[in-house]
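Each remark here refers to the structure printed beneath this line.
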There are 2 protein chains.
Amino acid sequence: MSLAQIRYFVAVAEEGNVGRAADRLHIAQPPVSRQIQALEAEIGTPLFVRTPRGMRLLPSGEAFLHRARRILNALEEATAAARAAGLTSAEVERGTVASRRG
Amino acid sequence: MSLAQIRYFVAVAEEGNVGRAADRLHIAQPPVSRQIQALEAEIGTPLFVRTPRGMRLLPSGEAFLHRARRILNALEEATAAARAAGLTSAEVERGTVASRRG
DNA sequence: CGATCCAATACCGTTTTGGTATGCTGCTCT
DNA sequence: AGAGCAGCATACCAAAACGGTATTGGATCG
């Protein structure tokens with residue numbers, strides 16, 4: 001399982017359509033199809049039903065969608081938190097080193 | 001950023017030592033070093049200080065560590081939730097389709 | 001000053017990923 | 001009912017990412 005798979009999954013779930021999701025992700029359609037299949041294989045259960053109109057979430061997919069969004073949000077927050085702490089702490093570090101040097 | 005990077009980061013943070021983290025992850029040391037560097041580069045700030053004794057977390061690293069653990073937990077929970085919903089829903093789906101067909 | 005410990009770099013083979021072209025199935029419209 | 005269309009899946013290929021081995025660089029300790 002990869003973060004890309006999770007992002008692809010959310011896009012497909014929200015668009016209800018692999019091609020549209022691919023456009024939104026700025027990649028081609030086949031990779032999205034494959035990653036969704038790989039994701040379902042790894043989880044061990046389908047997440048969508050394939051209809052002639054597109055992809056519709058199964059209950060398993062709905063359950064996964066909630067958590068997937070949480071994961072992506074947590075990811076952004078983690079980056080932002082580290083970055084925020086880093087800006088100050090990099091300054092502090094540099095200052096500390098400089099004062100030890102000078 | 002990848003889930004592997006997050007897992008490597010947690011291992012290094014907990015071991016305080018790249019080589020030991022690599023052992024625990026069952027991979028070689030250089031890939032761990034590289035992924036940690038890539039992670040720091042992507043976030044835009046260092047997460048560790050390199051000391052002759054190993055790696056020590058910076059405040060940015062501590063902030064990231066908390067969220068990283070949350071992400072990995074959320075990931076496991078997402079899989080488990082989808083799997084649980086899938087077992088029942090796959091049965092339901094099959095039954096629904098069968099009843100609609102027959 | 002030599003030995004040791006630990007992270008970083010160089011280089012290579014393998015694996016994974018994405019892209020293009022195409023197939024297949026079911027709807028839709030006349 | 002047949003032709004065209006919409007949409008996901010598959011085949012095949014090129015590019016990128018990843019991990020492994022060997023080695024270097026830097027700092028501590030005896």
Side-chain angles (χ1 to χ4, degrees), chain A residues 1-43 45-58 60-61 64-65 72 75 90 93 96-97 100-101, chain B residues 1-58 60-61 64-65 72 75 90 93 96-98 100-101:
Chain A
M1 173 135 25
S2 71
L3 290 171
Q5 285 174 345
I6 295 174
R7 290 196 193 95
Y8 295 2
F9 167 81
V10 172
V12 171
E14 288 179 356
E15 299 291 340
N17 181 307
V18 175
R20 226 165 174 65
D23 287 351
R24 170 170 143 188
L25 294 163
H26 303 112
I27 67 174
Q29 169 255 318
V32 179
S33 270
R34 280 182 306 221
Q35 295 294 349
I36 297 295
Q37 289 178 73
L39 181 61
E40 292 177 320
E42 183 172 348
I43 292 179
T45 192
L47 302 171
F48 296 99
V49 267
R50 275 76 171 168
T51 80
R53 312 267 303 165
M55 312 273 282
R56 215 178 57 240
L57 279 173
L58 290 170
S60 55
F64 193 76
L65 180 58
L72 297 181
L75 188 72
E93 273 294 313
T96 305
V97 171
R100 275 187 192 153
R101 267 196 197 142
Chain B
M1 172 136 26
S2 71
L3 290 170
Q5 285 174 345
I6 295 175
R7 291 197 192 95
Y8 295 1
F9 167 81
V10 171
V12 171
E14 289 179 355
E15 299 291 340
N17 179 308
V18 174
R20 227 167 174 65
D23 287 350
R24 170 169 143 188
L25 294 163
H26 303 111
I27 67 174
Q29 170 255 318
V32 179
S33 270
R34 281 182 306 222
Q35 294 295 344
I36 297 295
Q37 289 179 76
L39 182 61
E40 291 176 321
E42 183 171 347
I43 292 178
T45 192
L47 301 172
F48 296 98
V49 268
R50 275 75 172 169
T51 80
R53 312 266 303 167
M55 311 275 280
R56 216 178 57 240
L57 280 173
L58 289 171
S60 54
F64 193 76
L65 180 58
L72 296 181
L75 187 72
E93 271 296 313
T96 304
V97 170
R100 274 185 191 154
R101 269 194 194 144

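So that the names make sense, note that chain A is the first sequence line, chain B the second, and so on, each numbered from 1. Quick note: numbers below take in every heavy atom, side chains included, and nothing from hydrogens, waters or symmetry partners. Remember, predicted model here, so these are calculated numbers, not experimental data.
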ask   = Any donor-acceptor pair under 3.5 Å joining the side chain of A/R50 to the base of D/dG7?
value = no
ask   = Please give, in whole Å, the distance from D/dC18 P to B/M1 CE?
value = 13 Å
request  = Measure from CG on B/L3 to P on D/dA17 and round the result to the nearest Å.
outcome  = 17 Å
request  = Starting from P on D/dC18, measure out to CD1 on B/I36 and report it in whole angstrom.
outcome  = 13 Å
task = For A/L47 and D/dC8, give me the distance from atom CG to atom P, rounded to whole Å.
result = 15 Å
task = Go through the steps for A/Q37 and A/S33 under the test side-chain hydrogen bond (donor to acceptor under 3.5 Å, both in side chains), then give the verdict.
result = CA-CA 6 Å; A/Q37 289 178 73; A/S33 270; 5.1 Å; no
request  = Would you classify B/Q29 as touching base, sugar-phosphate or nothing, given that sugar-phosphate means primed atoms plus P, OP1 and OP2, and contacts are heavy atoms under 4.0 Å?
outcome  = base
ask   = So A/F64 and A/T45, side-chain contact (heavy atoms from CB on, under 4.5 Å) or not? Walk me through it.
value = CA-CA 11 Å; A/F64 193 76; A/T45 192; over 6 Å; no
ask   = Mapping B/R53 and A/Q5 onto DNA chain C by nearest heavy atom, which one lands closer to the 5' end?
value = B/R53
request  = Would you give the length of the straight line joining atom CG of A/N17 to atom CZ of A/R56, rounded to the nearest 0.5 angstrom?
outcome  = 14.0 Å
request  = Take atom CZ of A/R34 and atom C1' of D/dA11, then tell me their distance rounded to the nearest Å.
outcome  = 10 Å
key: Side-chain touch A/L47/A/F9, heavy atoms, less than 4.5 angstrom   = yes
message = Of all nucleotides in DNA chain C that come within under 4.0 Å of a heavy atom of chain B, which is furthest toward the 5' end and which toward the 3' end?
response = C/dC6 to C/dC11
query = Any side-chain N or O of B/Q35 less than 4.0 Å from the OP1 or OP2 oxygen of D/dA17?
reply = no
message = Using only atom types and a distance under 3.5 Å, with no angle test, would you say the side chain of B/S2 pairs donor to acceptor with the backbone of A/S2?
response = no
key: Heavy-atom pair with the smallest gap, counting every atom of B/M55 and B/V18   = CG-CG2, 3.7 Å
message = Any base atoms under 4.0 Å from A/F48, or only sugar-phosphate, or nothing? Heavy atoms, all strands.
response = nothing
inquiry  = Tell me if a side-chain donor or acceptor on B/Q29 pairs with a main-chain N or O of B/A22 at a distance below 3.5 Å.
reply    = no
note = Per atom distances to the A/M55 side chain, the nearest of D/dC8, D/dG19, D/dT28 is D/dC8
ask   = For the side chain of A/E42 and the backbone of A/M1, is there at least one donor-acceptor N/O pair under 3.5 Å apart?
value = yes
ask   = Closer than 4.0 Å, any side-chain N/O of A/S33 to the OP1 or OP2 of D/dA9?
value = yes
task = Go through the structure and list residues passing salt bridge (charged side-chain N to carboxylate O under 4.0 Å, His left out) with A/R24, not counting sequence neighbours.
result = A/E14, A/E15
Nucleic acid contacts of residues 21-28 of chain B, taken as heavy-atom distances under 4.0 Å to DNA chain D = B/I27, B/A28
